[in-house]
Amino acid sequence: MAAIKNLCTKSILLENGKLNFSGTVTEGIQKYLVNYNKQESDNLEAISERGGSGKVIFSSFHLENENGERLNTVLTGENVVFVFKLRILDTTVKNIDIGFSLHDSYDEMLTYLYSGFQDIYFESIDEKCEYLTVKYLINAFPFSSNRLTVQGRILVDGKEADWPKGNLGVINIQPGDFFGTGKTADINSPFLIKGTWE
């Protein structure tokens with residue numbers, strides 16, 4: 001993708017031998033990432049094996065780009081938005097702390113984050129609020145070409161509300177121009193770092 005982005009001035013997208021899109025390279029890549037290899041988890045409420053009080057549970061999970069379009073594949077180095085839809089079964093709850101972790105193909109945890117690490121907590125909007133959507137933007141997605149799974153856990157006032165025993169979703173990753181050099185970052189490492197040399 002990085003090579004196409006840096007070498008081409010126009011792009012076309014074919015689907016089943018028919019022209020699906022013709023236009024700029026950036027638009028073509030975005031349309032490809034939105035439509036390729038669909039991985040959506042829209043029925044997390046159906047997971048029967050889960051821990052916690054059940055006051056708030058995961059309802060669905062998907063990825064988006066910054067324009068709000070669903071992504072099914074992520075380019076290393078691109079911005080990506082994690083979208084968690086929560087079902088609120090107790091509308092009086094406050095201090096909802098959303099956590100997620102990323103795991104490799106061997107189910108080894110690579111990283112994890114809770115909103116509470118940044119002193120950010122959520123609550124239902126009003127007594128009629130049955131669902132709450134929470135988004136988390138990751139700038140310059142640092143993971144290299146691979147397939148990651150996303151797991152999640154919700155705390156309410158520091159106590160476990162939901163911990164599904166399984167994955168919230170899958171992230172398919174394609175190599176991208178992480179360093180902005182016009183080349184794909186073909187590095188044998190689970191994640192990439194970017195800093196300043198002096």
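What you see below is based on every heavy atom in this structure, not just the backbone, and it leaves out hydrogens, waters and symmetry mates. As the structure is a prediction and not an experimental result, all values here were calculated from the model.
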Main-chain N/O of [Y] paired with [X] side-chain donor or acceptor, under 3.5 Å:
| X | Y | value |
| --- | --- | --- |
| Ser59 | Glu45 | no |
| Ser189 | Leu192 | no |
| Thr149 | Asn167 | no |
| Glu160 | Gly52 | yes |

May I ask whether [X] and [Y] are part of the same hydrophobic cluster, defined by side-chain heavy atoms of I, L, V, M, F, W, Y residues being less than 4.5 angstrom apart, directly or through others?
| X | Y | value |
| --- | --- | --- |
| Val156 | Leu89 | no |
| Val83 | Phe122 | no |
| Phe191 | Leu148 | yes |
| Tyr121 | Ile88 | no |
| Leu110 | Phe117 | yes |

[atom1]-[atom2] distance between [X] and [Y], expressed to the nearest 0.5 angstrom:
| X | Y | atom1 | atom2 | value |
| --- | --- | --- | --- | --- |
| Asp97 | Ser115 | CG | OG | 4.0 Å |
| Asn65 | Asn79 | CG | CG | 9.5 Å |
| Leu13 | Asn20 | CG | CG | 5.0 Å |
| Phe100 | Gln151 | CZ | CD | 12.5 Å |
| Thr133 | His62 | OG1 | NE2 | 8.0 Å |
| Phe21 | Ile12 | CZ | CD1 | 10.5 Å |

Hey, does [Y] have a side-chain heavy atom less than 4.5 Å from the side chain of [X]?
| X | Y | value |
| --- | --- | --- |
| Ile98 | Tyr114 | no |
| Thr9 | Val25 | no |
| Phe143 | Thr111 | yes |
| Phe178 | Thr184 | no |
| Leu86 | Ile57 | no |
| Val81 | Tyr136 | no |
| Asn67 | Glu69 | yes |
| Phe141 | Leu75 | no |

Between the side chains of Lys183 and Asp177, is the shortest nitrogen-to-carboxylate-oxygen separation below 4.0 Å, so that they form an ion pair? no
Does this structure show an ion pair linking Lys165 with Glu49, if we count only N-O contacts that are shorter than 4.0 Å?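 Not counted as a salt bridge, because no side-chain N and carboxylate O are separated by less than 4.0 Å.
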Should the ring pair Phe84 and Phe58 be called parallel, tilted or perpendicular, given that the plane angle runs from 0 to 90° and is split at 30 and 60?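 Rings of Phe84 and Phe58: tilted, as their planes differ by 30° to 60°.
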Using the side-chain contact (heavy atoms from CB on, under 4.5 Å) rule, take Leu113 and Gln118 through it: C-alpha gap first, then chi angles, then the decisive distance, then the call. CA-CA 9 Å; Leu113 178 70; Gln118 297 169 278; 4.2 Å; yes
Please check if the number of heavy atoms outside Lys194 that lie under 6.0 Å from its NZ is greater than 12. yes
Can you list the steps and then say if Val56 with Asp162 is a side-chain contact (heavy atoms from CB on, under 4.5 Å)? CA-CA 7 Å; Val56 180; Asp162 190 28; over 6 Å; no
Of all residues at least two apart in sequence or in a different chain, which pass the side-chain hydrogen bond (donor to acceptor under 3.5 Å, both in side chains) check with Asp104?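 Checked Asp104 against side-chain hydrogen bond (donor to acceptor under 3.5 Å, both in side chains); zero matches.
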[X] to [Y] - nearest heavy-atom pair and separation:
| X | Y | answer |
| --- | --- | --- |
| Asp157 | Lys94 | OD1-O, 3.8 Å |
| Gly152 | Pro164 | O-CD, 3.4 Å |
| Glu123 | Leu132 | O-CD2, 3.8 Å |

Regarding [X] and [Y], is there a side-chain donor-to-acceptor distance under 3.5 Å anywhere?
| X | Y | result |
| --- | --- | --- |
| Glu78 | Asn139 | no |
| Ser101 | His103 | yes |
| Gln174 | Thr73 | no |

What about Phe82 and Phe61, are their ring centers closer than 6.0 Å? yes
Pairs involving residues 58-68, ordered by first then second residue, that meet salt bridge (charged side-chain N to carboxylate O under 4.0 Å, His left out) (sequence neighbours left out): Glu64-Lys135
Going through the checks in order, is the side-chain contact (heavy atoms from CB on, under 4.5 Å) test met by Leu19 and Leu14? CA-CA 5 Å; Leu19 183 66; Leu14 301 175; 4.2 Å; yes
Dump the intermediate steps for side-chain contact (heavy atoms from CB on, under 4.5 Å) on Tyr131 and Lys85, then the final yes or no. CA-CA 7 Å; Tyr131 289 95; Lys85 186 175 181 182; 3.6 Å; yes
I'd like to know whether Tyr112 forms a side-chain hydrogen bond (donor to acceptor under 3.5 Å, both in side chains) with Arg153, so could you lay out the CA-CA distance, the side-chain angles of the two residues, the decisive distance to 0.1 Å, and finally the verdict. CA-CA 10 Å; Tyr112 72 101; Arg153 187 170 177 237; over 6 Å; no
